[in-house]
Amino acid sequence: MSFAGVDHVGVGVSDVDAAIDFYGRSVGFDRILFDWTGELPGLEPFAGREPRVRVAMLENGGATPIGPGRVKLVQVLDSNGPPPVPEGQAWGEVGVCEICLHVRGVAGVHARLVAAGCAELMPPISAAVEPNDVALDISYVADPWGTKLELIEWTGLWRSLPGPARAEGVNHVAFGVTEMARTRAFYERLGFTELLFESVDFFDPMAPWYEAPWYDPRNLPAQHMTMPMSAQGAAIEPVVLDPPGHDCRGEWGHLGPMDFGIRVTNIDAAAAELRGDGIDVYGEPQTIDLGGGREWRTVAVAEPDGNYVSLVEGRF
Ligand SMILES: [Fe+2]
């Protein structure tokens, strides 16, 4: 069965038009694959209802194999509108905590995003990760709505295509979990079998993100990070904090990064296969008619820590 990595990361926004403009103009997600408004079926396990939403799926026309993932903008339209960003989220608490874009020329893209209104969270630095000593350049900014955007160029893996500095698609999604071994086993079953790196040291440039009263800045938690990759699609970066942070999943649809989808080629077969292996899949795959013969098929899965994860088969 082909699981094909992370398809997209979902980001809650308060104004899809403004977010399409920002992500399209400033980040390079210039292709709108669909822009749909309606009651989203199959989300009872995450949202407690079929929320009325506007969803726009964006792709970066310059995405390369190492930055292939999409961004899904979600604006909750019912109840009281988009739920707020989880309070006190630093990085690595249970919940989705970052979108990482592969870029060419981290410094150039970073400067451009800051000029476009992003807050600088970490200036560009070069590093290497163990156990394979893979080199990378990284930086962090926050989009205008507070989403942490990591910019990475995996210079030790792939230097990208020639051309000016530019952001590509999503390289990986980071999210907090509570037990690394259990998480690794779960995602291995979903195709994330290749370990790019594992780190147990606190990444010092992130220290300013861990603020009181949620954290004691003089006594920061240990960070255990791994990056399991699939042969295709974007990767995942599960993180365990020790001692554990508070639950930052928030309500489904909240502002900021909040869910992600794993691409499959046949969602009915994938759901049946997972169920056969004892992995909880919430009901039958749902089909959202996008018009013009296009469909978006999705089903929620029971991720070990209750992170909002779905399988997705896109026919658009
Ligand atoms: Fe990351």
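In this chain, residues are counted from 1 in sequence order. Both counts, for ligands and for their atoms, begin at 1 and track the order of listing. Any value given below was found using the heavy atoms of this structure, including those in side chains, with hydrogens, waters and symmetry copies removed. Here the structure is a predicted model, which means the values were calculated and not measured.
Among the heteroatoms counted here (N, O or S) of Glu98, OE2 is the one nearest to the Fe ion (ligand 1). The Fe ion (ligand 1) is closest to atom OE1 of Glu150 (considering only N, O or S atoms).
For the Fe ion (ligand 1), the set of nearby N, O or S atoms under 2.8 Å includes none belonging to Cys100.
Tyr187 and Phe175 have tilted rings, their planes meeting at an angle from 30° to 60° on a 0 to 90° scale.
Centred on the Fe ion (ligand 1), the angle running from His172 (NE2) to Glu237 (OE1) is recorded as 90°, rounding to 10°.
Ionic pairing of Arg159 and Asp137 is not present here: no N-O contact between side-chain nitrogen and carboxylate oxygen is shorter than 4.0 angstrom.
A cation-pi arrangement is absent between Lys72 and Trp296, since the terminal nitrogen or guanidinium carbon is not both under 6.0 Å from the aromatic centre and inside a 45° cone about the axis.
Neither side chain, His246 nor Glu87, offers a donor N or O lying under 3.5 Å from an acceptor on the other.
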